> 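I am attaching a structure below and will ask some questions about it afterwards.
Please read these numbers as outputs of a predicted model, since none were measured by experiment.
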Amino acid sequence: MNLDINQSNLYLLLPSKVAWLADMLSEDKGIGVVEAMRVIYSSDTYKCLEDEATKTWHLGPVALYQGMNG
């Protein structure tokens, strides 16, 4: 069984990362979850997250969230 993360299977990890970020952003900024997801998907953080070469997928939700906010 191949357990390596690569560009072709990275998409399996992204939904949980985005869900965590959306909850945190929604609560912190007082916006709806759908709006929070729009913010996330248009962010530089997400661009890095979806590129396996950056290894950003290793980061936990707090580190990702801090990266989104500067």
Side-chain angles (χ1 to χ4, degrees):
M1 176 185 260
N2 183 0
L3 300 176
D4 293 335
I5 302 298
N6 56 51
Q7 194 62 47
S8 67
N9 64 12
L10 180 63
Y11 72 94
L12 296 169
L13 299 176
L14 299 184
S16 63
K17 301 273 184 181
V18 170
W20 285 331
L21 286 171
D23 284 342
M24 295 169 78
L25 189 61
S26 176
E27 185 176 322
D28 191 37
K29 303 292 184 187
I31 59 177
V33 173
V34 173
E35 180 60 26
M37 291 178 80
R38 283 188 190 119
V39 169
I40 293 163
Y41 283 122
S42 65
S43 71
D44 289 337
T45 297
Y46 186 78
K47 288 176 186 144
C48 288
L49 189 58
E50 69 179 351
D51 181 1
E52 193 280 332
T54 68
K55 304 298 185 196
T56 306
W57 57 271
H58 277 286
L59 299 175
V62 172
L64 288 169
Y65 186 73
Q66 288 173 337
M68 285 188 62
N69 292 308

> Of all the heavy-atom pairs spanning A53 and Q7, show the shortest one and how long it is.
N-OE1, 4.5 Å
> So, taking the atom named OG1 in T45 and the one named OH in Y65, what distance separates them when rounded to the nearest 0.5 Å?
11.0 Å
> Could you tell me which non-hydrogen atom of G32 sits nearest to which non-hydrogen atom of S26, and how far apart they are?
C-OG, 3.9 Å
> What pair of heavy atoms forms the shortest contact from I40 to V18, and how long is it?
CD1-O, 3.9 Å
> Might you point out which heavy atoms bring K47 and S42 nearest each other, and give the distance in Å?
NZ-O, 4.2 Å
> If hydrophobic clusters are built by linking Ile, Leu, Val, Met, Phe, Trp and Tyr wherever their side-chain heavy atoms come under 4.5 Å apart, do W20 and L59 end up in the same one?
no
> To check you understand the geometry: which heavy-atom pair defines the closest contact between L49 and K17, and what is its length?
CD2-CB, 4.1 Å
> As an exercise, state the distance from CG of L10 to OG1 of T56, rounded to the nearest 0.5 Å.
9.5 Å
> Does atom CD (E35) have a neighbourhood of more than 12 heavy atoms from anything else shown, all under 6.0 Å?
yes
> Closer than 4.0 angstrom, basic N to acidic O: yes or no for K55 and E52?
yes
> Ignoring hydrogens and angles, tell me if any N or O in the side chain of N9 forms a donor-acceptor pair with the backbone of D4 under 3.5 Å.
yes
> Looking at OH of Y41 and CG of L14, how far apart are the two atoms once the value is rounded to the nearest 0.5 Å?
7.5 Å
> Run the side chain to side chain contact (heavy atoms under 4.5 Å, CB included) test on M68 and L64 for me, step by step, so that the C-alpha distance in whole Å, both residues' side-chain angles and the decisive distance to 0.1 Å come before the verdict.
CA-CA 6 Å; M68 285 188 62; L64 288 169; 5.9 Å; no
> Going through the checks in order, is the side chain to side chain contact (heavy atoms under 4.5 Å, CB included) test met by L25 and I31?
CA-CA 8 Å; L25 189 61; I31 59 177; 4.3 Å; yes
> Nearest heavy-atom pair of A22 and A36: which atoms, and what distance?
O-CB, 3.6 Å
> Could you tell me the separation between the CG atom of D51 and the CH2 atom of W57, rounded to the nearest 0.5 Å?
12.5 Å
